[in-house]
Amino acid sequence: MAHSYRVINQVVRLVIGNAWAFIEDAPEWFIASLRKHLAVPVSDGTKCGERFGSMFRYQDQLYGSMLHMGPSVPAGLARHVWRIAGHYEKQGRKITRAFVDRRVRPAPQGPLGCVRAAWRPYQDEVHARAMEIGMGVIDAPPRSGKTLMAARVIDALALPTLYIAPTVAIVRQTYRVFCDIFGEDRVARLDGTAREGERDISRLIVIATAPSALKLKLDFYRTRGILLLDEFHHSAAETYHRINLLAESIFHRFCFTGTYWRTSGDDLAMEAVCSRMLYRCTVDDLVPHYLARPFVSYVPIRGAVSGSDWKTAYQRGIVEHEHRNDTIVHYAHELAAQAIPTLVLVNRRAHADALSARIEGSKVAKGGEGVLTSKTVQDFVAGHFPVLVGTTVLGEGVDVPNAQAVIYGSGGGASVQMMQSYFRSLTAHEGKQFGRVYDFRDLHHPTLQRHANSRVECAQRYFPVDTVQVG
């Protein structure tokens with residue numbers, strides 16, 4: 001007698017927590033496949049940790065996988081697991097998906113009523129989505145008011161908050177803004193330089209650098225109801241994955257960035273921390289009321305320099321290249337003659353000093369992390385001299401609203417640093433019709449040319465096409 005058998009699908013459960021998603025009852029072949037899908041190429045010597053759960057080598061290349069023992073993945077990658085399982089399910093493989101959400105959303109304790117502002121239309125939309133969904137990434141260009149948007153979320157929920165900023169300078173800057181809004185008795189800062197009276201971690205809002213936050217005990221994280229990550233493009237780093245692990249009990253997670261993109265596998269590592277896109281705002285949305293219309297020009301540098309390795313090519317083709325530096329000096333003088341406040345940005349302090357010595361009326365921004373509040377920067381903002389020369393410490397988080405032009409002499413490939421630097425001249429300011437960016441199309445070395453091409457492509461993708469001119 002013939003027998004018939006009914007094949008029962010294996011149910012794969014994806015159990016979601018605040019920081020981790022656990023995969024239950026999955027067959028071995030699915031876990032093996034998932035391990036490869038969530039892997040990115042890494043350099044030799046990379047170790048397992050909170051970011052990578054395992055390593056494997058394929059065709060002489062080392063890969064790090066964000067699938068961890070358990071098996072589990074950072075919660076931000078749950079949608080990838082769900083999508084991959086769905087793909088196999090449609091192919092007829094014997095699995096069925098099930099979703100279990102074990103997160104608990106805390107009840108708001110506010111509003112506090114401290115934040116009062118005339119909200120821009122997109123800021124109202126961001127806030128509405130934040131209150132509805134409770135977590136996600138806000139991708140908005142520099143000068144879109146992200147600090148005030150973060151303050152509004154804290155004000156509405158009134159839950160104890162941990163605010164992570166990437167540098168001491170941005171921690172200090174945010175601390176001052178939040179003290180003005182919420183009062184000093186509600187705000188603390190941890191950045192290695194804070195005074196004793198500023199370090200009270202029992203306060204409603206604690207602002208910290210990532211290294212300082214990692215020194216806090218798990219019991220502190222359990223007291224927090226909101227995790228805010230500023231300049232979220234830094235979150236691919238291992239330190240942010242450690243913070244993500246410590247913050248398992250925190251439901252509300254909001255990430256802010258003006259440059260939500262990375263190279264290589266860093267985009268996957270960013271998604272792991274907080275992947276859901278809550279709101280995306282473009283440059284076009286901010287021009288002309290909040291950003292000046294951009295004008296980006298790439299000046300060709302021709303000829304040839306020797307040097308097969310990157311270090312030599314950069315020294316000869318960027319730092320010491322006579323024609324390139326002459327061009328920077330020429331543009332700085334031309335802009336100063338037109339009374340256009342100008343930033344000249346390079347990577348190395350010695351390069352900044354050498355250029356400033358040749359640019360009449362210029363000064364060099366000094367002071368490391370304290371540069372944002374230095375007298376030199378404040379004098380430039382006040383209009384006491386026309387050209388401020390500095391390294392890329394002036395790129396991220398600095399507020400120089402009067403700057404109408406940036407000469408970007410740093411070179412290198414497309415990067416977050418590049419885009420942050422470009423935006424320094426785009427802040428809407430009285431009398432400013434548009435912001436100018438002068439960069440270089442380096443044609444004098446293959447590596448420099450490849451990097452310049454990537455900067456051009458990035459600018460054309462980020463800004464309106466008709467505002468980018470390539471010489």
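Basis for what follows: all heavy atoms, side chains included, without hydrogens, waters or symmetry-related copies.
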Would you tell me whether [X] and [Y] have side-chain atoms, one donor and one acceptor, within less than 3.5 Å of each other?
X: Asp191; Y: Tyr175; answer: no
X: Asp326; Y: His321; answer: no
X: Thr282; Y: Asp284; answer: no
X: Glu271; Y: His80; answer: yes
X: Arg348; Y: Gln315; answer: yes
X: Asp379; Y: Thr376; answer: no

Taking all atoms of both residues into account, what is the closest heavy-atom pair of [X] and [Y], and its distance?
X: Pro106; Y: Phe251; result: CD-CB, 3.7 Å
X: Asp442; Y: Ile318; result: OD2-CD1, 3.9 Å
X: Gln61; Y: Pro41; result: NE2-CB, 3.7 Å

Salt bridge check, [Y] against [X]: does any charged N sit closer than 4.0 Å to a carboxylate O?
X: Asp230; Y: Lys146; answer: no
X: Asp180; Y: Arg176; answer: no
X: Asp353; Y: Arg358; answer: no

Is the shortest side-chain heavy-atom distance between [X] and [Y] below 4.5 Å?
X: Leu227; Y: Tyr221; value: no
X: Ile154; Y: Val115; value: no
X: Ile205; Y: Phe182; value: yes
X: Ile226; Y: Tyr163; value: no
X: Arg199; Y: Leu190; value: yes
X: Trp119; Y: Leu148; value: yes
X: Trp20; Y: Pro74; value: yes
X: Gln404; Y: Thr342; value: no

Glu198: partners by salt bridge (Lys or Arg N to Asp or Glu O under 4.0 Å), with sequence neighbours left out: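 Per chain and number, Glu198 pairs via salt bridge (Lys or Arg N to Asp or Glu O under 4.0 Å) with Arg189, Arg195.
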Exactly one of Tyr422, Phe423, Tyr298 should register a ring pair (Phe, Tyr, Trp, His ring centres under 6.0 Å) with Tyr408. Which one does?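 Testing each of Tyr422, Phe423, Tyr298 against Tyr408, the sole residue satisfying ring pair (Phe, Tyr, Trp, His ring centres under 6.0 Å) is Tyr422.
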Run the side-chain donor-acceptor check on residues 287-296: report pairs under 3.5 Å with partners two or more places apart or on a different chain.
from	atom 1	to	atom 2	distance (Å)
Arg293	NH2	Asp466	OD1	3.4
Arg293	NH2	Asp466	OD2	3.0

Would you call the rings of His252 and Phe254 parallel, tilted or perpendicular if under 30° counts as parallel and over 60° as perpendicular?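 Answer is parallel, since the angle falls under 30°.
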Where at least one partner belongs to residues 444-453, residue pairs that pass side-chain hydrogen bond (donor to acceptor under 3.5 Å, both in side chains), sequence neighbours excluded: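 Passing the test, one end in residues 444-453: no pairs.
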Enumerate the residue pairs fulfilling salt bridge (charged side-chain N to carboxylate O under 4.0 Å, His left out) with a member in residues 204-226, sequence neighbours excluded, ordered by first and then second residue.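 Found Asp219-Arg222.
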Would you mind telling me which of Ile407, Ile340, Ile359 makes a side chain to side chain contact (heavy atoms under 4.5 Å, CB included) with Val387?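 Of all the options given, the one that passes is Ile359.
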Side chain to side chain contact (heavy atoms under 4.5 Å, CB included), that's the test. Do Phe232 and Val273 meet it? Break it down for me. CA-CA 9 Å; Phe232 179 58; Val273 176; 4.2 Å; yes
Qualifying residues under side chain to side chain contact (heavy atoms under 4.5 Å, CB included), relative to Asn402, sequence neighbours excluded: Pro341, Phe380, Val381, Val400, His429
Pairing residues for Thr327 by the side chain to side chain contact (heavy atoms under 4.5 Å, CB included) criterion, not counting sequence neighbours: Val299, Ile301, His323, Tyr331, Phe440
Given the rule in the side chain to side chain contact (heavy atoms under 4.5 Å, CB included) test, do Ile201 and Leu216 qualify, once you have shown the distances and angles that lead to the verdict? CA-CA 9 Å; Ile201 62 173; Leu216 297 169; 4.1 Å; yes
